[in-house]
Amino acid sequence: MRIINKEAIINAVEKLCIDTNCILNEDILNSFDSFMEKEESPIALGILNDLKKNAEAAKKRMMPICQDTGMAVVFIEIGQEVYVEGSITDAVNEGVRRGYINGCLRKSVVDDPIIKRVNTKDNTPAIIHYNIVAGDKLKITVAPKGFGSENMSKIHMLKPSDGRKGVIDAVINTIEQAGPNPCPPMVVGIGLGGNFEYCAYLAKKALLRPIGKNSEKPYLKEIEEEVLERANNLGIGPQGLGGRTTILWAAAEDYPTHIAGMPVAVNISCHVTRHGETIL
Amino acid sequence: MEVSLNTPVTREAAKKLHAGDRVLISGIIYTARDAAHKRMIENREQGFPIEIKDSTIYFAGPSPAKPGEPVGAIGPTTSYRMDAYSPELIKYGETVMIGKGKRSSEVIEAMKKYGAVYIGAIGGAGALLASHVESCKIVAYDDLGAEAIHELKVKDFPGIVIIDSFGNNLYETEYLKYKKDDKDA
Ligand code: SF4
């Protein structure tokens, strides 16, 4: 049994909320450079260059990269041998509260999603996914997610007979319909299999994978590559103003499913795909 | 073409802008998102909380300013959520909308009828756009927090005219230039 202090969780979550919102991950910045080498549209090149300048300005001033600092999505992997005094959920939410207040991040969460929609003023509650694993470590991943892109995401409950082509078409259609709305260039998370809610979870998890790192499963890698190529042939381009840079990356995760189904979730994200982790 | 655009913008001035123009906006502009639009429209009989005639409305809700800075990150939000309200505001005299993403045919019809333009600011470039904001203050609907109406004084705030008052629409024309057919799709 290893005891982890509640304060350590609060502090880690606070720091991750601030850092992920103000510092764009290297893999995304590097992908801009490789897309700029291939980009044909002058407008697109100008936009990509501005996005690079934006990331530099944000990091230098520790200002959010984007004003939509998202809803905080937190993945907790907790080792079976770990003991935390008090509620882990409360500690995570306290970290989010401190991060969004102390980091001058925008509070975008409303309570009662339908009628009153009153801002909770501290960006809580977070969306927390727990996973119990072997060992005595606690891994915290914070992935703030903006809603311009979240709103463009979709779940498709396909039939097994739709096959691989059906899957890829569903993903491409979702990207095409999203068009300029999710601030392209996008990053696309794909969840395959499982059931209704689990494929959505997988799609979100796929967004945590660094750009440039394909799935280790050959059939998923091929799907990722085909989606990347076809999406960038759509012509949508940065901000939907035309070009070869529509998506920076596609990552797919899978899980076994039922004989009667083939769920596909597409979680659309933008170039401000934020995630950071700490292991306690 | 690169154009310097000073606010307020009259309908005549709006009609001189064309899809594809790069604009640098200077002067006073107002932020409003869904909640502020809803309230303005619901209470329009009692008058608007800002001068709507010749106004420029930026669909945005900034992140909080750090001490000593005029504003936090301030990029555009997705505009289709304002589609239900924009035609009415255009009728009352709004001439420039700044946002990102597609607009409905009702909005475009109103733009053509009265003379208004839709300008795209770079979505996701909140920190860069903040450097073009000289001052920021809340002028209405304080209780809405980030969704309150903020009055911004901007200098050379960059954008691209996406839909002009003739209905030309970059979202419909530009992607076709770069679209490629898939070999085996
Ligand atoms: S889609 Fe992404 S870049 Fe665009 S406003 Fe939302 S968080 Fe920011």
Side-chain angles (χ1 to χ4, degrees), chain A residues 21-22 40-41 43-44 46-47 50-51 53-69 101 104-108 117 119 121 146-148 151-152 165 168-169 172 179-184 229-230 232-244 246 270-272, chain B residues 19-20 22 31 33-35 38 60-67 69 71-81 99-103 120-131 143-147 158 160 162 169-185:
Chain A
N21 267 303
C22 300
E40 296 156 17
S41 151
I43 296 182
I47 292 168
D50 280 349
L51 292 179
K53 281 199 275 179
N54 181 63
E56 280 165 28
K59 187 173 173 181
K60 203 167 126 215
R61 297 161 76 178
M62 277 310 271
M63 181 186 259
I65 307 155
C66 174
Q67 74 290 337
D68 185 355
T69 49
I101 291 173
C104 289
L105 307 178
R106 201 180 75 186
K107 291 80 181 168
S108 313
R117 298 186 62 86
N119 198 302
K121 300 221 161 74
F147 257 57
N151 282 339
M152 297 296 118
K165 182 172 183 304
I168 294 177
D169 285 349
I172 296 296
N181 292 351
C183 305
E229 187 182 333
R230 279 185 58 189
N232 285 326
N233 282 344
L234 290 172
I236 295 169
Q239 303 295 312
L241 297 176
R244 318 284 323 146
T246 298
C270 52
H271 88 276
V272 196
Chain B
R22 287 187 70 101
T31 68
R33 296 170 48 97
D34 328 21
K38 184 162 182 270
S63 63
K66 286 199 154 181
E69 308 229 5
V71 74
I74 184 160
T77 194
T78 322
S79 307
Y80 72 92
R81 298 195 316 274
K100 63 156 170 122
K102 294 179 186 166
R103 306 308 307 271
I122 298 183
L128 188 67
L129 293 170
S131 63
D143 57 302
L144 294 180
E147 295 212 65
I160 299 174
I162 295 187
N169 184 346
L170 293 191
Y171 289 145
E172 277 168 9
T173 53
E174 296 311 292
Y175 81 95
L176 290 171
K177 298 181 188 165
Y178 300 96
K179 192 173 167 69
K180 280 192 186 167
D181 288 329
D182 295 309
K183 277 161 269 144
D184 51 357

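Chain A is the first sequence line, chain B the second, and so forth, proteins listed ahead of strands; every chain is numbered from 1. Values reported hereafter were calculated over all heavy atoms of this structure, with side chains retained and with hydrogens, waters and symmetry mates removed. Everything numeric in this text was worked out from a predicted model, so none of it was measured.
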Quick one: are [X] and [Y] in side-chain contact, heavy atoms under 4.5 Å?
X: B/Lys180; Y: A/Arg244; result: yes
X: A/Asp50; Y: B/Leu128; result: yes
X: A/Pro180; Y: B/Lys102; result: yes

Report which part of [X] has an atom under 4.5 Å of a heavy atom belonging to chain B: side chain, backbone, both, or neither.
X: A/Asn119; result: neither
X: A/Lys107; result: side chain
X: A/Ile168; result: neither
X: A/Leu51; result: side chain

Just so I understand: if I count every heavy-atom pair under 4.5 Å between each of [options] and chain B, which residue has the most?
options: A/Cys66, A/Gly179, A/Ser41; result: A/Ser41
options: A/Cys270, A/Ala57, A/Gly243; result: A/Gly243
options: A/Ile236, A/Val272, A/Asp68, A/Leu241; result: A/Leu241

Exercise. Sub-3.5 Å donor-acceptor pair from the side chain of B/Lys100 to the main-chain atoms of A/Gly148, do we have one?
Worked result: no
Problem set entry | Expected output: side-chain B/Glu174 to main-chain A/Gly240 donor-acceptor under 3.5 Å | no
Less than 4.5 Å to any heavy atom of chain A: does that hold for the side chain of [X], its backbone, both, or neither?
X: B/Arg103; answer: neither
X: B/Ala146; answer: side chain
X: B/Ile162; answer: side chain
X: B/Ala121; answer: backbone
X: B/Ala60; answer: neither
X: B/Pro76; answer: backbone

Max heavy-atom pair count under 4.5 Å with chain A, selected residue of [options]:
options: B/Gly20, B/Gly145, B/Gly61; answer: B/Gly61
options: B/Ile160, B/Ile74, B/Leu170; answer: B/Ile74
options: B/Thr78, B/Leu129, B/Ile122, B/Leu144; answer: B/Ile122

Interatomic distance, [X] atom [atom1] to [Y] atom [atom2] [nearest 0.5 angstrom]:
X: B/Lys179; Y: A/Asn233; atom1: NZ; atom2: CG; answer: 8.5 Å
X: B/Tyr80; Y: A/Asn151; atom1: OH; atom2: CG; answer: 4.0 Å
X: B/Thr31; Y: A/Gln67; atom1: OG1; atom2: CD; answer: 11.0 Å

Problem set entry | Sequence-distant partners of A/Arg61, side-chain contact (heavy atoms from CB on, under 4.5 Å), two or more places apart | A/Met63, B/Glu69, B/Ser131
Exercise. Do you know which two heavy atoms are closest between A/Leu105 and B/Ser63, and how far apart they sit?
Worked result: C-CB, 4.5 Å
Exercise. Of the non-hydrogen atoms in B/Pro64 and A/Cys104, which two are nearest, and what is the gap between them?
Worked result: CD-O, 3.4 Å
